[in-house]
*Asks:* 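Have a look at this one before I ask anything.
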Number of protein chains: 2
Amino acid sequence: MTEHLTNSIQDYLKHIYELTEDGQPATTTALATRLGIAPASVTGMIQKLASSEPALVSYRKHQGVTLTDKGRRAALEVIRHHRLIEAWLVQTLGYSWDEVHNEAEKLEHVISEELEARIAAAMGNPLRDPHGDPIPSADLVMPEDKSMALSGLALKQEAMVSKVESQDTDLLKHLESLGLVIGARVKTLEVSRYDQVMRLQVRGRNEPVVLGPAITNRVFVEIK
Amino acid sequence: MTEHLTNSIQDYLKHIYELTEDGQPATTTALATRLGIAPASVTGMIQKLASSEPALVSYRKHQGVTLTDKGRRAALEVIRHHRLIEAWLVQTLGYSWDEVHNEAEKLEHVISEELEARIAAAMGNPLRDPHGDPIPSADLVMPEDKSMALSGLALKQEAMVSKVESQDTDLLKHLESLGLVIGARVKTLEVSRYDQVMRLQVRGRNEPVVLGPAITNRVFVEIK
DNA sequence: AAAATTATTTAGGATAGACTAAATAATTGT
DNA sequence: ACAATTATTTAGTCTATCCTAAATAATTTT
Ligand SMILES: [Mn+2]
Ligand SMILES: [Mn+2]
Ligand SMILES: [Mn+2]
Ligand SMILES: [Mn+2]
């Protein structure tokens with residue numbers, strides 16, 4: 001039951017998970033780009049993962065890959081580690097949300113299940129990481145995420161920032177300076193669909209902020 | 001300045017450091033045993049470390065290895081990580097001293113200098129790990145360790161337990177049950193050098209304990 | 001429906017770090 | 001001093017994971 005998956009394989013599975021969240025198979029090139037690896041190498045690894053016993057991915061030449069059940073569980077395991085570690089570093093060592101990603105990227109592969117459990121318990125089993133990403137439960141169920149992109153919000157609508165899809169330090173710092181942090185309450189004052197610009201009131205701030213699509217497509221909100 | 005040392009190399013250097021603390025070069029076989037690797041493989045790695053530029057070890061065929069300055073600093077870096085992590089896990093996650101070693105063994109290679117610094121700061125720059133081993137300072141100076149083996153203690157002498165040289169869970173649990181933990185105060189009631197047995201009063205305990213060399217050579221004390 | 005372009009796979013090679021078996025050097029016992 | 005034993009090194013393989021270049025398949029453009 002505890003056949004070891006290498007760091008490399010764990011990374012492949014994690015990225016395949018993320019690329020297939022939309023229901024579509026992950027293409028070789030997309031994977032190669034995300035992993036920073038040559039497409040030819042990705043093909044090789046995919047073939048290996050597909051023909052391992054039991055298979056971790058299912059694969060048809062030129063059609064892309066999807067995860068098998070086994071592969072999905074392994075991916076969720078890594079993602080749980082990553083997100084718990086991020087939350088833990090922020091909560092116990094005063095890291096800010098723009099600094100934790102790279103650290104978690106390395107730690108995710110080496111913590112034991114025991115350490116995972118202790119970290120989770122110490123924080124009361126958090127449901128989200130510092131960027132608002134849902135943390136899979138200990139039995140590897142991914143919490144449902146009902147958030148929508150800020151860019152999809154209608155005029156005069158109120159919502160709460162629930163997630164930021166970015167690991168870019170500069171963007172995260174910038175969002176923080178605008179008050180657009182997880183939990184912030186916002187209201188759309190002006191929506192210009194044509195040139196993809198939006199004016200927004202952040203509760204507790206004096207001036208409204210003007211945002212382009214580089215931001216409104218990466219910041220997610222929940223209407224409640 | 002930041003050429004990457006692999007996990008494997010870090011482990012070699014760490015074990016060479018420990019094996020050469022007595023001033024003697026580390027032999028191929030001793031290293032092989034500690035690393036759980038075939039002697040032939042160790043020879044190969046040693047040759048590589050010796051001929052790298054700059055060299056991490058100095059080596060003469062059949063004479064064993066010692067660390068160069070560069071190698072020693074790298075070893076101290078790993079040891080500092082290991083011991084800080086052990087201390088941190090015990091202090092913040094309620095691990096006990098017999099559970100932290102394996103976890104630290106993996107984490108030591110992947111934490112950043114930033115994380116190291118935050119961990120150290122969070123604990124107020126501790127000088128010893130949970131087993132009493134000294135923690136190298138941030139600038140990689142190993143604190144002097146004046147402790148002596150319990151077996152060397154004279155009759156009627158009082159001392160404080162300062163270090164336990166073992167990663168064996170069973171032994172550590174046993175010592176804990178005897179009250180022989182770091183900081184415990186003890187006094188020798190009876191010393192039998194011939195059959196290497198010792199009777200000891202642990203302060204705060206009712207009954208004295210009788211200890212054989214398997215324990216008295218691994219438990220270290222400071223006379224103060 | 002070709003042609004051009006883009007995506008993917010195959011083939012061959014490199015590197016790191018391990019292994020085993022055989023050769024050699026060092027040490028120990030007589 | 002010689003033989004036996006033990007320690008170490010060399011030589012040849014193996015696995016994992018990456019690479020580049022060339023071949024092929026799929027998709028898009030004209
Ligand atoms: Mn990773
Ligand atoms: Mn886990
Ligand atoms: Mn290690
Ligand atoms: Mn360090």
Side-chain angles (χ1 to χ4, degrees), chain A residues 2-16 19-20 22 24-66 71 74-75 78 105-106 108-110, chain B residues 2-16 19-20 22 24-66 71 74-75 78 105-106 108-110:
Chain A
T2 318
E3 342 86 52
H4 175 73
L5 302 179
T6 62
N7 281 19
S8 241
I9 292 177
Q10 291 182 21
D11 279 340
Y12 273 90
L13 295 175
K14 181 175 71 167
H15 284 107
I16 294 169
L19 285 168
T20 54
D22 61 2
Q24 293 301 111
T27 65
T28 301
T29 320
L31 251 180
T33 304
R34 287 186 66 130
L35 291 164
I37 283 172
S41 308
V42 170
T43 299
M45 178 61 95
I46 285 172
Q47 290 171 336
K48 175 177 150 185
L49 297 179
S51 58
S52 74
E53 193 52 63
L56 292 164
V57 306
S58 96
Y59 164 66
R60 277 173 36 230
K61 265 188 191 183
H62 298 102
Q63 303 305 127
V65 268
T66 55
V78 181
E105 202 59 45
K106 294 178 295 176
E108 64 187 6
H109 305 295
V110 302
Chain B
T2 318
E3 342 85 51
H4 174 71
L5 301 179
T6 64
N7 281 19
S8 241
I9 292 176
Q10 291 182 22
D11 280 340
Y12 273 89
L13 296 176
K14 182 175 70 167
H15 284 107
I16 294 169
L19 284 169
T20 54
D22 61 3
Q24 294 300 113
T27 66
T28 302
T29 319
L31 251 181
T33 304
R34 288 184 66 128
L35 291 164
I37 283 171
S41 309
V42 171
T43 299
M45 178 61 94
I46 285 173
Q47 289 171 339
K48 177 177 150 186
L49 297 179
S51 58
S52 74
E53 196 50 65
L56 294 163
V57 305
S58 97
Y59 164 64
R60 276 173 36 229
K61 266 192 193 180
H62 298 102
Q63 304 305 128
V65 266
T66 54
V78 181
E105 202 59 44
K106 294 178 296 178
E108 64 187 7
H109 306 293
V110 301

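Fair warning: this is a prediction, and the values are worked out from it, not measured in the lab. Each chain gets a letter, A, B and so on, in the order the sequences are listed, and its residues count up from 1.
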*Asks:* Just call it for B:T43: base, sugar-phosphate, or nothing, with non-hydrogen atoms closer than 4.0 Å on any strand.
*Replies:* base
*Asks:* For B:I46 and C:dA18, give me the distance from atom CD1 to atom P, rounded to whole Å.
*Replies:*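 The distance from CD1 of B:I46 to P of C:dA18 comes to 12 Å, rounded to the nearest Å.
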*Asks:* Whole-Å distance between C:dT15 P and B:I9 CD1?
*Replies:*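 Rounded to the whole Å, the gap is 15 Å.
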*Asks:* Whole Å only: how far is the CE atom of B:M45 from the P atom of D:dT9?
*Replies:*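 Taking atom P of D:dT9 as the reference, CE of B:M45 is at 15 Å.
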*Asks:* Tell me whether the OP1 or OP2 atom of D:dA16 has a side-chain N or O from A:S8 closer than 4.0 Å.
*Replies:*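 So the side-chain polar atoms of A:S8 never come under 4.0 Å of the phosphate oxygens OP1 or OP2 of D:dA16.
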*Asks:* Which whole-number value in Å describes the distance from B:K48 NZ to D:dT10 P?
*Replies:*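 My rounded result for the distance is 16 Å.
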*Asks:* From CG of B:N7 over to C1' of C:dA16, roughly how many Å is that when rounded to an integer?
*Replies:*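 Result: 12 Å.
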*Asks:* Quick check on DNA chain D: between B:A30 and A:P39, whose nearest nucleotide comes earlier from the 5' end?
*Replies:* B:A30
*Asks:* Give the rounded distance in Å between these two atoms: NZ of A:K61 and C1' of D:dA23.
*Replies:* 12 Å
*Asks:* Below the 4.0 Å mark, does D:dA7 have OP1 or OP2 next to a side-chain nitrogen or oxygen of B:Q63?
*Replies:* no
*Asks:* Evaluate the side-chain proximity of B:K14 to B:R34: yes if any heavy-atom separation is below 4.5 Å, no if none is.
*Replies:*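 Side chain of B:R34 against side chain of B:K14, heavy atoms only: no contact under 4.5 Å found.
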*Asks:* Verify the contact: side-chain N or O of B:Y12 to OP1 or OP2 of C:dA16, cut-off strictly under 4.0 Å; return yes or no.
*Replies:*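 Answer is no, no contact under 4.0 Å.
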*Asks:* Considering only heavy atoms from C-beta outward, does the side chain of A:L13 approach that of A:L56 to under 4.5 Å?
*Replies:*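 Touching, per the 4.5 Å side-chain cut-off.
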*Asks:* State, yes or no, whether a side-chain contact exists between A:L19 and A:V65 at a heavy-atom distance under 4.5 Å.
*Replies:*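 Of all side-chain heavy-atom pairs linking A:V65 with A:L19, none is under 4.5 Å.
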*Asks:* Between C:dT9, C:dA18, D:dC19, which nucleotide gets closest to the side-chain atoms of A:I37?
*Replies:*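 Among C:dT9, C:dA18, D:dC19, the one nearest the side chain of A:I37 is D:dC19.
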*Asks:* Taking the minimum atom-to-atom distance to the side chain of B:T6, which one of C:dG17, D:dT9, C:dT9 wins?
*Replies:*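 The answer is C:dG17, which lies nearest to the side chain.
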*Asks:* Is there a side-chain polar atom (N or O) of B:S41 under 4.0 Å from OP1 or OP2 of C:dG17?
*Replies:*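 For B:S41, the contact criterion (side-chain N or O under 4.0 Å from OP1 or OP2 of C:dG17) is not met.
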*Asks:* In whole angstrom, give the distance that lies between atom NE2 of A:H62 and atom P of D:dA23.
*Replies:*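 Interatomic distance, NE2 of A:H62 to P of D:dA23: 15 Å.
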*Asks:* Is the shortest heavy-atom distance from the side chain of B:T6 to the side chain of B:Y12 under 4.5 Å?
*Replies:* no
*Asks:* Give me the atom names and distance for the closest heavy-atom approach of A:Q10 to A:L5.
*Replies:* NE2-O, 3.0 Å
*Asks:* Tell me the interatomic distance from B:L49, atom CG, to C:dG17, atom C1', rounded to whole angstroms.
*Replies:*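 Rounded to the whole Å, the gap is 12 Å.
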